Amino acid sequence: MTRKTLLNAIRDASLPLGYCFHSGPDAVIGQRIIAYPAVWLSPPKVIASSGWLEGRVTYRVSLHLMSLAAKKHKETEPEQVWEELEADALGLCRGLDQAEGISSATLIECAPSQFAITPHAEVAVTLKMDVVVPFCNL
């Protein structure tokens, strides 16, 4: 249930920011993204856990926030779009940190992508963070 809690919390944190939420293996990202701005959640990885019947699971989460806004600008001006995407990434972290069922979301890294992730020539940032999800199996 912790994985489902995590996915739902990320989706719920991204929707108010105006993003379409998608998740799945990175190999199919270009086939599934059809609307922008978009958030893509790569499969989360368990990096730590504590307790058996009740405790916490820490996931390493990797998200791509993508926008086609740069198509309206010159190719030399992705900086403005990256700045907007970074602000949204921080907002997503804040929303996730306050989500029900999430103990904490700690920003690890937010970096601009040097190349488009999909065939749509979008501008993107990659957000990596650790998210702690409590559980109880009693």
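We count residues from 1, following the sequence as given. Given the structure is predicted, the values throughout are model-derived calculations rather than measurements.
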Asker: Following the transitive rule for hydrophobic clusters with a side-chain heavy-atom cut-off under 4.5 Å over Ile, Leu, Val, Met, Phe, Trp and Tyr, establish whether I47 and V131 coincide in one cluster.
Answerer: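 No, because I47 and V131 fall into different hydrophobic clusters, even though each may have its own neighbours under 4.5 Å.
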Asker: Is there a side-chain contact between I102 and V132 in this structure, where contact means two heavy atoms from C-beta onward sitting under 4.5 Å apart?
Answerer: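 Not in contact.
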Asker: State the CG-CG distance between L92 and L85, to the nearest 0.5 angstrom.
Answerer: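 The CG atom of L85 is 11.5 Å from CG of L92, to the nearest 0.5 Å.
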Asker: Would you sort out whether L90 and L127 count as a side chain to side chain contact (heavy atoms under 4.5 Å, CB included), showing the intermediate values?
Answerer: CA-CA 9 Å; L90 293 172; L127 169 65; over 6 Å; no
Asker: Can you give me the closest heavy-atom contact between F135 and W52, atom names plus distance?
Answerer: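 Reported closest heavy-atom pair: CE1-O, 3.4 Å.
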Asker: Got a sec, which residues hit side chain to side chain donor-acceptor pair (under 3.5 Å) with R11, two or more places apart in sequence or on another chain?
Answerer: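 For R11, the residues satisfying side chain to side chain donor-acceptor pair (under 3.5 Å) (neighbours in sequence not counted) are N8.
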Asker: Working to the nearest 0.5 Å, report the span between CD1 of I108 and OG of S62.
Answerer: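 Taking CD1 in I108 and OG in S62, the distance rounds to 11.5 Å.
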Asker: Applying ring-ring contact (aromatic ring centres under 6.0 Å, His included), can you list everything that pairs with Y59, at least two apart in sequence or on another chain?
Answerer: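 With neighbours one apart ignored, the set is empty.
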Asker: Who pairs with D88 by side chain to side chain donor-acceptor pair (under 3.5 Å), at least two apart in sequence or on another chain?
Answerer: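 Side chain to side chain donor-acceptor pair (under 3.5 Å) check on D88 returns Y19.
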Asker: Decide yes or no on side chain to side chain contact (heavy atoms under 4.5 Å, CB included) for D26 and W40, but give the supporting numbers first.
Answerer: CA-CA 8 Å; D26 288 345; W40 181 269; 3.1 Å; yes
Asker: Taking all non-hydrogen atoms of both residues into account, name the closest pair between P25 and R32 and its distance.
Answerer: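 Nearest heavy atoms, P25 then R32: CD-NH1, 4.5 Å.
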Asker: Looking only at non-hydrogen atoms, find the nearest pair between L7 and S23 and report the distance.
Answerer: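 Closest heavy-atom pair between L7 and S23: CD2-OG, 4.2 Å.
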Asker: Given the rule in the side chain to side chain contact (heavy atoms under 4.5 Å, CB included) test, do F21 and L41 qualify, once you have shown the distances and angles that lead to the verdict?
Answerer: CA-CA 8 Å; F21 175 79; L41 171 64; 4.0 Å; yes
Asker: List the atom of G95, the atom of A13, and the distance in Å for their closest heavy-atom pair.
Answerer: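 In this case the closest contact between G95 and A13 is C-CB, 4.1 Å.
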Asker: Provide the closest heavy-atom pair for H64 versus S42 in the form atom of the first, atom of the second, distance.
Answerer: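 Nearest heavy atoms, H64 then S42: NE2-OG, 4.1 Å.
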Asker: For T118, check side chain to side chain donor-acceptor pair (under 3.5 Å) against everything at least two apart and list the hits.
Answerer: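 Side chain to side chain donor-acceptor pair (under 3.5 Å) check on T118 returns Y36, H120, E122.
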Asker: Look up atom OG1 in T126 and atom CE in M66, then write down how far apart they are to the nearest 0.5 Å.
Answerer: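 T126 OG1 to M66 CE: 9.0 Å, rounded to 0.5 Å.
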Asker: How many angstroms lie between CD1 in I33 and NE2 in H22, if you round to the nearest 0.5 Å?
Answerer: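 Result: 4.0 Å between the selected atoms.
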Asker: Check step by step if side chain to side chain contact (heavy atoms under 4.5 Å, CB included) holds for E86 and V125.
Answerer: CA-CA 7 Å; E86 287 170 358; V125 296; 4.1 Å; yes
Asker: Determine the minimum heavy-atom distance between P134 and T2, stating which atoms define it.
Answerer: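 Looks like O-CG2, 4.0 Å.
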Asker: Could you list the residues that satisfy side-chain contact (heavy atoms from CB on, under 4.5 Å) with P43, not counting sequence neighbours?
Answerer: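 If we apply the side-chain contact (heavy atoms from CB on, under 4.5 Å) test to P43, skipping adjacent residues, the hits are R3.
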Asker: Atom OG1 in T5, atom CD in E100: separation rounded to 0.5 Å?
Answerer: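 Rounded to the nearest 0.5 Å, the OG1-CD separation comes out at 9.0 Å.
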Asker: What residues, two or more places apart in sequence or in another chain, satisfy salt bridge (Lys or Arg N to Asp or Glu O under 4.0 Å) together with R60?
Answerer: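 Scan of R60 (salt bridge (Lys or Arg N to Asp or Glu O under 4.0 Å), adjacent residues dropped) gives D130.
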Asker: Hey, does S67 have a side-chain heavy atom less than 4.5 Å from the side chain of E84?
Answerer: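 They are not in side-chain contact.
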Asker: Would you say P44 and L6 make side-chain contact, with heavy atoms under 4.5 Å?
Answerer: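 P44 vs L6: side chains touch.
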Asker: Are side-chain heavy atoms of V61 and I10 found at a separation under 4.5 Å?
Answerer: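 Touching, per the 4.5 Å side-chain cut-off.
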Asker: Look up atom CG in D97 and atom OG in S104, then write down how far apart they are to the nearest 0.5 Å.
Answerer: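 Reported to 0.5 Å precision, the distance equals 6.5 Å.
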